[in-house]
There are 2 protein chains.
Amino acid sequence: MVQKSKGPPIAAPEPPKRRGRPRAYEPDVALGKALDLFRTQGFAATSLDDLSEATGMNRPSLYGAFGDKRELYIKSYQRYREQARASMVEIFRADLPLRERLERIFASALAIYLSGETGPRGCFTVVTAASEAVGDPEIRAMVLDGLSELDKAFANCFRRAKEKGELADSADPVVLAQLASATIHTIAIRSRARVPRKELDAIVKGAIDVMVGVKG
Amino acid sequence: MVQKSKGPPIAAPEPPKRRGRPRAYEPDVALGKALDLFRTQGFAATSLDDLSEATGMNRPSLYGAFGDKRELYIKSYQRYREQARASMVEIFRADLPLRERLERIFASALAIYLSGETGPRGCFTVVTAASEAVGDPEIRAMVLDGLSELDKAFANCFRRAKEKGELADSADPVVLAQLASATIHTIAIRSRARVPRKELDAIVKGAIDVMVGVKG
DNA sequence: GGATTATTTTGCGAGATGGTACAAAAATCA
DNA sequence: TGATTTTTGTACCATCTCGCAAAATAATCC
């Protein structure tokens, strides 16, 4: 949300008159390109040359703008999280019937997982968990945070649904949330193995049926 | 199960009098070491020097015995699948109450995922799906096979339980199987992020409660 | 215009990477 | 014993890796 105040001219997206030679790239789009590469190939399989070519920045510029490869990976991951969060937060917040809310969440997730020019790329949190998270404590902490953020959002969702009487009294919001997260994770993995969208939709539908229909 | 027949001497683990210089390694244990490395570090992050050191074979020997790095990865993955299958097949086959069967399956999976000297390593199928599967059709096919093998085993499990009256008539074995697989996948991912075992156990317990309690 | 500042560009360098050639070593076969 | 076969060990190659230093470029400030 960009504020559109009528007050004094606030420097928003206008160039803040930087000194020195102007950049030949936009950091935001460059980071997006880097994220694309990391999402498909992973950290180790992506070389600085790959990143340099994709972003249009040569290596020293990359280094100056984002730090070394690991820092760039971390910044890419943070950006992924922001994007993913942005695409879901309103659905989580909205006041919709439980089933519809879940349908929209999973549809939003699938849209992210199936996107990609060369093929589906899955969930970057899952990809990172499966690779760098074991050996790098800082990255692992971010992944853990990503996992629990989703768990919490789902738990909140089910808690509210229960309060509104959409679920049986015996239903446990935390357990249902873990099931919902598990469904997210399974479609993230399967999408990378190119399981056709129809099957993924069926998995989502089956999971939702169980989650909203739990009697105890 | 090694057969202990009384018939004529079958050349089993006895040296078949190979010609030429004898090997300084045992291919089976070397492959095991390679699998260990690949499971923790992934394909791209594991160098031939790493593999050479871990197996005790120098690079030419590695190459001669298993082919190039990719072939070694594929053979390692196949071996992982064999081991995982071996550790579960009897539980799937056994004639146990549904809940107990599920408990044992998940316990067996967790034992695999949490093992490792340097920390939990998760499921190699999931790790491979998250990395090499996108770019390598042959590897992707193996991963797909691994995913569907688990789905089918679970579906069979629930189908039999339903026939025995352990599940409501309205329960759908396929949907329940996908939920069980999803639970497997989520604990595989979380274990790599070092989620403590207690939480993983809780996730498994919650999922089982839902699966065996589904009324429809 | 000249000084200052920020960025780009070129290119380097030390080391790692996957893979291989070749000779020495160690066993069997004749 | 000597020929054959198989594996090992050393050394090497061409390529790629990440990161950085130095110089060139292009803007603003005075």
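Keep in mind that the numbers below use all heavy atoms, side chains included, and drop hydrogens, waters and symmetry copies. To find a chain, count down the sequence lines: A is the first, B the second, and so on, and within it residues start at 1.
- A heavy atom lying under 4.0 Å from DNA chain C marks none of the residues of residues 27-52 of chain A.
- Of the two residues near DNA chain D, A:K69 and B:M57, the one whose nearest nucleotide lies more 5' is B:M57.
- Among D:dT8, D:dC12, D:dG19, the nucleotide with an atom closest to any side-chain atom of B:A24 is D:dT8.
- For the pair A:V174 and A:D151, the minimum side-chain heavy-atom distance is 4.5 Å or more.
- B:R19 comes within 4.0 angstrom of a base, heavy atoms only.
- Here B:N58 does not reach the OP1 or OP2 of D:dT8: none of its side-chain N or O atoms lies under 4.0 Å away.
- Side-chain atoms of A:P60 lie closest to C:dG11 of the nucleotides C:dT8, C:dG11, D:dC12.
- Close to C:dT20, at under 4.0 Å from its OP1 or OP2, lies a side-chain N or O of B:Y63.
- For B:S61, counting side-chain heavy atoms from C-beta on, the closest listed nucleotide (D:dC18, D:dT8, C:dG19) is D:dT8.
- If you find the closest nucleotide of DNA chain C to B:R21 and to B:D68, the one lying nearer the 5' end belongs to B:D68.
- Aromatic rings of B:Y77 and B:F124 (six-membered ring for Trp) have centroids within the 6.0 Å cut-off, being under it.
- In A:R85, the CZ atom is crowded: over 12 heavy atoms of neighbouring residues, nucleotides or ligands sit closer than 6.0 Å.
- Taking 4.5 Å as the limit, some side-chain heavy atom of B:R39 sits within range of a side-chain heavy atom of B:I112.
- Below 30°, between 30° and 60°, or above 60°: for A:F92 and A:F154 the angle between ring planes is above 60°, a perpendicular geometry.
- Here B:R23 reaches the OP1 or OP2 of D:dT7: one of its side-chain N or O atoms lies under 4.0 Å away.
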